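Below is one structure, written out as structure tokens; comments come after it.
This is a predicted model, so every value here is computed, not measured. Letters go in sequence order (proteins before strands), and every chain restarts at 1. Heavy atoms only: backbone and side chains are in, while hydrogens, waters and symmetry mates are out.
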Number of protein chains: 2
Amino acid sequence: MPSLEQQYLKNYNIKDYELPLTTVDMCIFSIINQQLHVLLLKRNSFPEKNKRALPGGFIDLKKDSNIEATAYRQLLLKTGIQCPYLEQVESVGSQSRDPRGWSLTILYFALIDIQTIDQKLSPQSDWYAIKEAQKMPLAFDHAVLLTKAFERLKSKTCYTALPIALLPQKFTLTELQTIFEIILEKKLPVKSFRLRVQTAKVVKATGQTKISGKRSAQLYESTGLTADFYFPRPLQR
Amino acid sequence: MPSLEQQYLKNYNIKDYELPLTTVDMCIFSIINQQLHVLLLKRNSFPEKNKRALPGGFIDLKKDSNIEATAYRQLLLKTGIQCPYLEQVESVGSQSRDPRGWSLTILYFALIDIQTIDQKLSPQSDWYAIKEAQKMPLAFDHAVLLTKAFERLKSKTCYTALPIALLPQKFTLTELQTIFEIILEKKLPVKSFRLRVQTAKVVKATGQTKISGKRSAQLYESTGLTADFYFPRPLQR
DNA sequence: AAAATAGTGTCTCTTAGACATTATATA
DNA sequence: TATATAATGTCTAAGAGACACTATTTT
């Protein structure tokens with residue numbers, strides 16, 4: 001004989017309740033040509049057909065065992081890459097953000113190094129410089145989402161070494177500093193930047209050097225402490 | 001003649017898609033008897049009947065125009081209060097967290113001063129000290145949610161003046177420091193704490209004093225900068 | 001006066017930021 | 001050798017943390 005709880009669950013029907021349309025949207029950031037870029041897709045179906053949108057889509061209750069799985073699936077689908085830095089930003093939901101009805105999106109951002117993926121993007125997707133993307137009329141409330149994700153990235157750049165995820169495995173400290181400067185949209189003092197990352201042990205020298213411009217530079221790599229390391233003092237905004 | 005997009009929306013039926021069960025759950029924090037407490041409800045229906053759970057519930061697509069509205073509605077329903085500090089923590093969703101099916105919750109935390117509400121709680125709800133609550137077998141994954149919310153509170157206590165929201169409008173600096181110490185579970189140096197909050201201008205003296213113990217103390221109040229102010233240097237964890 | 005709580009003085013240490021200087025590679 | 005880029009030296013300022021000290025109230 002089934003328990004009361006088993007009976008309850010047997011009779012429970014999800015379709016009896018009205019639920020919000022739930023999606024996962026992603027800001028995939030990468031540095032291209034010394035500028036922060038974001039991946040946008042041109043929508044080829046209604047609603048908001050032909051407008052640019054953040055990559056994303058519905059949670060697939062069959063395929064995705066949790067929301068992060070949805071995010072990784074979308075990322076793989078759109079960029080062909082498997083394991084970048086992924087972070088949940090926040091969830092935005094309202095009656096009005098999608099004409100199809102009450103809808104909710106869980107916003108993530110990803111940091112990738114575009115050089116390390118040779119995968120060709122779908123013809124619908126393209127990289128846009130943040131500043132350009134923020135001027136374009138994006139689908140739904142994606143302009144707001146983009147700003148939220150960008151703000152989070154800027155904010156975390158002030159107190160973590162997160163931007164390392166935007167570089168190839170080996171990089172020079174000048175390259176790293178440049179990435180920080182691109183994100184924060186301001187110059188940083190060389191000496192204290194180097195002291196900061198080196199005393200924090202978020203990078204270690206590889207012994208190798210890189211000859212790109214004039215004098216060759218030391219190549220560094222992440223120590224792997226990046227994800228959870230917080231600098232003792234944040235950079236000024 | 002309707003446009004193609006209008007036709008698409010007319011034929012669009014939400015019920016054609018499988019959607020996650022979406023709820024908003026809340027950690028309502030308050031200081032009682034010099035300890036951080038959280039409001040828990042005893043569930044009186046399946047599933048997880050009779051277990052303690054965080055207050056929360058389904059988004060009401062008719063009543064709630066956005067997710068924050070759901071959070072405020074739940075808060076009013078459970079505590080009778082209207083305008084405390086409310087912050088979204090994160091969203092957690094998976095196949096397995098609820099026996100009814102794929103479910104998603106958007107987790108918020110609220111900070112209230114229990115003294116300022118004379119509202120009686122429903123007989124199902126009760127305050128538990130964090131340490132006690134973390135030892136109890138909570139419904140669903142609410143133990144994990146509780147820990148996430150507590151972690152966020154601790155973390156923000158290190159670089160903002162957020163705990164002010166746990167106090168009545170007027171308070172002494174010693175009271176404020178005590179709240180910080182309760183949350184961070186460690187003693188703080190008196191001199192630098194006072195310097196910190198005063199130079200940051202997150203509190204201002206009211207001119208009034210409070211006679212509670214021996215020597216009377218100055219009463220301060222929030223300057224309202226609390227929400228977005230970040231101290232230039234975080235407290236150590 | 002004693003005790004308890006409120007509040008200040010002063011020192012050290014760390015680290016961001018400013019700015020000058022040196023080092024090393026290429027052309 | 002000139003030049004550009006890489007990297008270091010040295011100083012200042014701000015603020016956290018430690019610890020000793022003073023102030024004010026009640027009993």
Side-chain angles (χ1 to χ4, degrees), chain A residues 34 154-161 163 167 170-181 183-221 229-237, chain B residues 34 154-155 157-161 163 167 170-181 183-220 229-237:
Chain A
Q34 300 290 74
K154 276 205 234 181
S155 152
K156 289 201 88 168
T157 298
C158 286
Y159 59 91
T160 72
L167 285 171
K170 288 172 186 171
F171 49 85
T172 69
L173 292 189
T174 304
E175 284 167 349
L176 184 59
Q177 181 172 346
T178 303
I179 301 288
F180 270 73
E181 292 173 343
I183 295 168
L184 297 177
E185 300 170 288
K186 64 175 260 189
K187 282 277 171 189
L188 296 172
V190 189
K191 186 64 203 293
S192 39
F193 181 82
R194 300 173 82 94
L195 201 67
R196 185 176 162 92
V197 295
Q198 288 183 106
T199 58
K201 298 215 173 75
V202 288
V203 296
K204 60 169 184 278
T206 59
Q208 298 171 276
T209 55
K210 180 179 178 178
I211 318 104
S212 57
K214 298 282 178 175
R215 175 175 169 181
S216 66
Q218 290 290 315
L219 276 170
Y220 289 79
E221 60 185 7
F229 183 80
Y230 287 52
F231 288 102
R233 295 192 208 171
L235 298 172
Q236 306 281 314
R237 280 297 284 275
Chain B
Q34 299 290 73
K154 275 205 230 179
S155 152
T157 299
C158 286
Y159 59 91
T160 71
L167 285 170
K170 287 172 188 172
F171 49 86
T172 70
L173 291 189
T174 303
E175 284 167 348
L176 184 59
Q177 181 171 347
T178 304
I179 301 289
F180 271 73
E181 291 173 344
I183 296 169
L184 297 177
E185 301 172 285
K186 64 174 260 188
K187 282 278 172 190
L188 296 173
V190 189
K191 188 64 205 293
S192 38
F193 180 83
R194 300 174 81 94
L195 202 68
R196 185 176 161 91
V197 295
Q198 289 184 103
T199 58
K201 297 213 174 76
V202 288
V203 294
K204 60 169 184 279
T206 59
Q208 297 171 277
T209 55
K210 181 180 179 177
I211 316 104
S212 55
K214 298 280 177 177
R215 175 175 169 181
S216 66
Q218 290 291 315
L219 276 171
Y220 289 79
F229 183 79
Y230 287 51
F231 287 103
R233 293 191 207 171
L235 298 172
Q236 304 282 315
R237 281 298 285 275

From CZ of Arg233(B) across to C1' of dC13(C) the rounded distance in Å is 10 Å

Whole-Å gap separating C1' (dG15(D)) and CD (Gln236(B)) | 12 Å

Which residues pass the side-chain contact (heavy atoms from CB on, under 4.5 Å) test with Gln218(B), sequence neighbours left out?
-> Thr209(B), Tyr220(B)

How would you label the contact of Leu173(B) with the nucleic acid (heavy atoms, under 4.0 Å): base, sugar-phosphate, or nothing?
-> nothing

Glu175(A) vs Lys210(A) side-chain heavy atoms within contact, under 4.5 Å | yes

Sorted by chain and number, sequence neighbours left out, salt bridge (Lys or Arg N to Asp or Glu O under 4.0 Å) with Lys204(B) holds for Glu221(B)

Heavy atom of residues 185-198 of chain A under 4.0 Å from DNA chain C: which residues?
-> Pro189(A), Lys191(A), Ser192(A), Arg196(A)

Just the atom pairs and distances: protein N or O near nucleotides 23-25 of chain C's N or O, under 3.5 Å.
residue : atom : partner   : partner atom : Å
dA23(C) : N3   : Arg215(A) : NH1          : 2.5
dT24(C) : O4'  : Arg215(A) : NE           : 3.2

Listed partners of Glu181(B) passing salt bridge (Lys or Arg N to Asp or Glu O under 4.0 Å), at least two apart | Lys187(B)

Please report, rounded to the nearest Å, how far the C1' atom of dG17(C) is from the CD atom of Gln177(A).
-> 12 Å

Side chain of Pro232(B) - closest among dG15(D), dA6(C), dG17(C) | dG15(D)

Counting distance only, does the side-chain N/O of Arg194(A) pair as donor-acceptor with the main-chain N or O of Gln177(A) below 3.5 Å?
-> no

More than 12 heavy atoms from other groups under 6.0 Å of NZ on Lys154(B) | yes

Distance, rounded to the nearest Å, where Glu175(B) contributes CD and dT5(C) contributes P = 13 Å

Using salt bridge (Lys or Arg N to Asp or Glu O under 4.0 Å) as the criterion, list what pairs up with Arg237(B), not counting sequence neighbours.
-> Glu151(B)

So Tyr159(A) and Tyr230(A), would you call those rings parallel, tilted or perpendicular, with 30° and 60° as cut-offs?
-> tilted

Here the distance between atom P of dA6(D) and atom CG of Leu219(A), to the nearest Å, is 11 Å

When every non-hydrogen atom of Ala161(A) is compared with those of Phe231(A), the smallest separation belongs to N-CE1, 3.8 Å

Rounded to the nearest angstrom, tell me the gap between atom CZ in Phe180(B) and atom P in dA16(D).
-> 11 Å

For Lys210(B) and dT5(C), what is the distance between atoms NZ and C1' respectively, to the nearest whole Å?
-> 13 Å

